[in-house]
**Student:** 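Got a structure here, written out as structure tokens. Questions coming.
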Amino acid sequence: MQALSPGAGPVDTRPHEDDIEGDDEDEDLDETLLERLWGLTEMFPDTLRSAAEVSAQRSLSIAKKLYSFSRTALWVGSTSFMILVLPVVFETERLQLEQQQLQQQRQILLGPNAGMSGGMPGMMSPAPGKL
């Protein structure tokens, strides 16, 4: 009780250094994972580190070039398809539509059998053995 009385003087509230465990661990927590990994690279020789850096840079460069080439190729391919192929597709579709309309007109004018024959009305089909 005397140690807590006002006449006893100042009281040391800090624990002794022997009682402190893990004070050093608090200082290490300021280091990030990236810094810790970077520090681990010192255990490898300089040639291996430089070779790994060069290979990583080249891989990134190749990936960028491949991406750029694929974008360019896709652009050229799609625009070429639109300019060269789509007009042909539209024209054949239009011709097929015209032929269907002509066939429907023949069928309406001459009856159901005239649309199937494919010949002009009033013309006789050629004899089977003679050309």
Side-chain angles (χ1 to χ4, degrees):
M1 263 323 209
Q2 291 180 351
L4 297 178
S5 66
V11 179
D12 188 20
T13 57
R14 294 186 64 195
H16 295 284
E17 290 197 24
D18 296 336
D19 296 338
I20 299 175
E21 300 174 15
D23 189 30
D24 295 330
E25 293 176 13
D26 292 339
E27 293 173 7
D28 292 339
L29 292 178
D30 295 337
E31 187 178 60
T32 64
L33 180 64
L34 186 61
E35 291 170 342
R36 198 171 277 222
L37 288 175
W38 186 257
L40 287 174
T41 60
E42 294 175 357
M43 65 186 250
F44 297 109
D46 287 337
T47 55
L48 181 64
R49 284 188 283 177
S50 64
E53 183 180 357
V54 167
S55 66
Q57 287 176 350
R58 286 187 180 168
S59 297
L60 184 63
S61 173
I62 289 172
K64 285 180 180 179
K65 287 179 183 177
L66 184 63
Y67 175 70
S68 174
F69 174 76
S70 65
R71 283 180 44 188
T72 304
L74 182 64
W75 172 255
V76 168
S78 62
T79 54
S80 297
F81 176 78
M82 283 188 236
I83 292 172
L84 299 174
V85 177
L86 281 181
V88 174
V89 169
F90 291 147
E91 190 64 24
T92 54
E93 191 70 27
R94 189 182 65 82
L95 288 175
Q96 286 178 356
L97 186 63
E98 280 183 14
Q99 288 176 356
Q100 280 182 341
Q101 287 176 347
L102 284 173
Q103 189 176 17
Q104 284 177 353
Q105 284 178 353
R106 283 185 194 153
Q107 212 171 21
I108 291 172
L109 292 175
L110 302 173
N113 292 336
M116 303 271 183
S117 66
M120 293 294 289
M123 292 185 60
M124 294 183 60
S125 62
K130 299 179 184 178
L131 290 173

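For this chain, numbers begin at 1 and follow the sequence in order. Source: prediction; values computed, not measured.
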**Student:** Mind listing the closest non-hydrogen atom pair of Glu31 and Arg36 along with its distance?
**Tutor:**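 Looks like OE1-NE, 3.1 Å.
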**Student:** If I take atom NZ from residue Lys65 and atom CZ from residue Arg58, how far apart are they, to the nearest 0.5 angstrom?
**Tutor:**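 Atom-to-atom, Lys65:NZ and Arg58:CZ are 10.0 Å apart.
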**Student:** Checking the side chain of Ser55 only, and the main-chain atoms of Ala51 only, is there a donor and an acceptor separated by less than 3.5 Å?
**Tutor:**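 Answer holds: yes.
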**Student:** When clusters are formed by joining ILVMFWY residues with side-chain heavy atoms under 4.5 Å apart, either directly or through shared neighbours, do Phe90 and Val85 land in the same one?
**Tutor:**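 Shared cluster, yes.
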**Student:** Report whether Leu33 and Leu40 are members of the same hydrophobic cluster (ILVMFWY, side-chain heavy atoms less than 4.5 Å apart, transitive linking).
**Tutor:**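 Cluster IDs for Leu33 and Leu40 match.
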**Student:** Name all pairs fulfilling the side-chain hydrogen bond (donor to acceptor under 3.5 Å, both in side chains) condition that reach into residues 67-92, sequence neighbours left out, sorted by first residue then second.
**Tutor:**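 Residue pairs passing side-chain hydrogen bond (donor to acceptor under 3.5 Å, both in side chains), neighbours aside: Glu91-Arg94.
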**Student:** If you group Ile, Leu, Val, Met, Phe, Trp and Tyr by side-chain heavy-atom gaps below 4.5 Å, do Leu60 and Leu66 land in one group?
**Tutor:**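 Hydrophobic grouping puts Leu60 apart from Leu66.
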**Student:** Can Ile83 be reached from Val88 by stepping across I, L, V, M, F, W or Y side chains whose heavy atoms are under 4.5 Å apart?
**Tutor:**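 Val88 and Ile83: separate clusters.
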**Student:** Restricting to side chain to side chain contact (heavy atoms under 4.5 Å, CB included), what partner residues turn up for Gln96, sequence neighbours left out?
**Tutor:**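 For Gln96, the residues satisfying side chain to side chain contact (heavy atoms under 4.5 Å, CB included) (neighbours in sequence not counted) are Glu93.
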